[in-house]
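First the structure, in the form of structure tokens, and then the observations on it.
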Amino acid sequence: MAESKESAKGLHIGFIMDGNGRWAQRRGLPRTAGHTKGAQVFQDMVKYCKQLGVEAVTFYAFSTENWKRPKSEVDAIMRLLKEYLRRAFDYKKEDNRIIILGDKTPLSDEIKKLMAEIEEGTKDNKGMTINVAINYGGREEITHAARALARRVAEGTLDPDQIDEEMLAGELYTAGQKDPDFILRPSGEKRLSNFMLWQSAYAEFIYMDVLWPDFTRKHLDAAIEEYCHRSRRFGGI
């Protein structure tokens with residue numbers, strides 16, 4: 001852990017939590033059991049990243065496309081989300097800041113109320129930033145930012161020629177945060193799946209052939225070690 005702790009300081013890590021349903025199906029369990037186990041792994045990763053000195057984590061919890069799943073599965077995910085949000089008040093004691101990324105509009109009033117309370121209650125915390133992406137899609141996020149700028153242009157308060165990358169980034173859900181250093185996807189799949197499209201422009205991608213419910217601290221140590229051996233040139237030599 002000593003090497004991981006030194007290497008992880010200041011990092012922003014994006015997690016695509018993939019493979020919950022497959023994990024359950026391989027065990028003859030309902031897909032909801034995989035989400036329950038995956039939620040436990042999520043909570044452990046938050047704790048471990050804090051111990052390692054990670055600056056920020058972003059967890060892809062529910063995408064804009066996930067509404068297409070069976071209602072029973074969506075309902076189970078929402079129940080787990082409510083449990084997490086209620087427990088998240090404990091993170092105040094750990095000085096973590098919690099930010100919800102995504103379009104909250106279609107979520108229940110109860111969930112939106114919990115989200116608002118937690119974001120407000122932790123906004124001044126100085127510890128690790130925990131981003132939880134709910135009803136999130138990278139394309140939707142960029143579209144949301146473009147609309148915000150377009151409204152300012154229509155109001156006459158912004159000249160289109162003034163719009164630059166920094167201004168658009170300031171309208172994203174992650175405004176004010178550093179971009180992820182690396183994005184980790186377990187489950188053997190090798191794609192972004194509409195996750196942090198803008199922010200990942202220069203992120204490293206690390207894919208691992210392990211389903212999220214089986215993901216452990218040793219897997220994260222290995223991912224950090226791999227990241228440290230990457231050469232990040234940002235377009236230079």
Side-chain angles (χ1 to χ4, degrees), residues 14-22 24 30-43 46 56-89 91 96-123 129-152 154 168-177 180 183 185 187 189 191-200 212-213:
F15 292 86
I16 300 177
M17 302 184 288
D18 193 23
N20 293 332
R22 278 171 284 165
R31 289 174 60 86
T32 53
H35 293 299
T36 299
K37 182 65 166 61
Q40 294 169 1
V41 175
F42 158 74
Q43 291 169 6
V46 167
V57 287
T58 300
F59 290 92
Y60 202 8
F62 191 85
S63 76
T64 50
E65 292 77 26
N66 286 157
W67 295 105
K68 301 173 186 176
R69 295 186 177 187
K71 185 177 183 300
S72 59
E73 185 173 346
V74 172
D75 289 345
I77 293 172
M78 291 300 155
R79 282 196 298 272
L80 288 169
L81 173 60
K82 282 191 284 188
E83 287 179 23
Y84 164 72
L85 291 170
R86 292 189 184 107
R87 291 177 183 171
F89 286 105
Y91 292 146
N96 292 327
R97 182 186 180 198
I98 300 172
I99 299 173
I100 309 298
L101 312 182
D103 178 12
K104 302 180 179 72
T105 308
L107 302 175
S108 72
D109 289 342
E110 180 184 7
I111 288 178
K112 284 188 280 192
K113 183 174 182 292
L114 285 168
M115 287 178 170
E117 289 174 353
I118 287 163
E119 288 188 304
E120 177 64 25
T122 63
K123 68 178 183 180
T129 296
I130 304 170
N131 297 305
V132 185
I134 303 290
N135 193 38
Y136 172 90
R139 289 181 175 180
E140 185 279 328
E141 178 180 31
I142 295 169
T143 302
H144 175 272
R147 285 197 193 108
L149 294 176
R151 280 192 289 270
R152 291 170 58 188
L168 194 146
E171 296 293 343
L172 297 176
Y173 296 128
T174 53
Q177 297 189 47
I183 291 178
R185 180 167 192 159
S187 83
E189 304 291 352
R191 57 180 177 270
L192 267 180
S193 294
N194 204 17
F195 180 58
M196 302 191 88
L197 299 181
W198 177 279
Q199 299 90 334
S200 65
W212 179 253

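Side chains are part of it too, since the values below use all heavy atoms of this structure and drop only hydrogens, waters and symmetry mates.
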Nearest heavy-atom pair of Ile99 and Gln177: which atoms, and what distance? CD1-NE2, 3.4 Å
Where Leu197 and Leu192 come nearest, the two heavy atoms and their spacing: CD2-CD1, 4.1 Å
Taking the side chain as C-beta and beyond, is there a heavy-atom pair between Asn194 and Ser63 under 4.5 Å? no
Can you find a heavy atom in the side chain of Tyr60 that is under 4.5 Å from one in the side chain of Met196? no
Distance-only polar pair, side chains of Arg79 and Thr32, donor-acceptor under 3.5 Å: no
Does some side-chain heavy atom of Ile111 sit less than 4.5 Å from a side-chain heavy atom of Lys82? yes
Under 4.5 Å between any side-chain heavy atoms of His144 and Asp103, yes or no? no
Would you say that Arg22 contacts Ser187 through its side chain, given a criterion of any heavy-atom pair below 4.5 Å between the two side chains? yes
List the atom of Ala24, the atom of Gly34, and the distance in Å for their closest heavy-atom pair. CB-N, 3.6 Å
Which distance, rounded to the nearest 0.5 Å, do you find between the CG of Leu172 and the CG of Leu101? 10.0 Å
To the closest 0.5 Å, what do you measure between CD (Glu73) and CE (Met78)? 11.0 Å
Residues in ring pair (Phe, Tyr, Trp, His ring centres under 6.0 Å) contact with Trp67, at least two apart in sequence or another chain: Phe62
Ion pair check, Arg151 and Glu171, cut-off under 4.0 Å: no
Rounded to the nearest 0.5 Å, what separates atom CD1 in Ile130 from atom CG in Asn96? 4.0 Å
Not counting sequence neighbours, which residues clear side-chain hydrogen bond (donor to acceptor under 3.5 Å, both in side chains) with Gln199? List them please. Glu141, Thr174
Exercise: identify the closest heavy-atom pair between Thr64 and Gly137: CG2-N, 3.7 Å
Looking at side-chain heavy atoms only, is the closest gap between Val46 and Tyr84 below 4.5 Å? no
Between Ser72 and Asp75, do the side chains contain an N or O donor and an N or O acceptor separated by less than 3.5 Å? no
Minimum heavy-atom separation for Ser200 to Ile183, with atom names? CB-CD1, 3.5 Å
Find the distance between CZ (Phe195) and CE (Met17) and round it off to the nearest 0.5 Å. 8.5 Å
Any non-hydrogen side-chain atom of Lys104 less than 4.5 Å from a side-chain atom of Ile134? no
To the nearest 0.5 Å, tell me how far Tyr136 OH sits from Asn66 CG. 13.5 Å
Can you tell me if NZ on Lys113 sees more than 12 non-hydrogen neighbours from other groups inside 6.0 Å? no
Interatomic distance, CG@Leu85 vs NZ@Lys112, rounded to 0.5 Å, equals 13.5 Å
Find out whether Arg185 and Arg191 are in side-chain contact, i.e. whether some heavy atom of one side chain is under 4.5 Å from a heavy atom of the other. yes
Minimum heavy-atom distance Glu189-Asp18, with the two atoms named: CG-OD2, 3.4 Å
Would you please classify the geometry between the Phe59 ring and the Trp212 ring as parallel, tilted or perpendicular, with 30° and 60° separating the classes? perpendicular
Are any of the side-chain nitrogens in Glu110 or Arg86 under 4.0 Å away from the carboxylate oxygens of its partner? yes
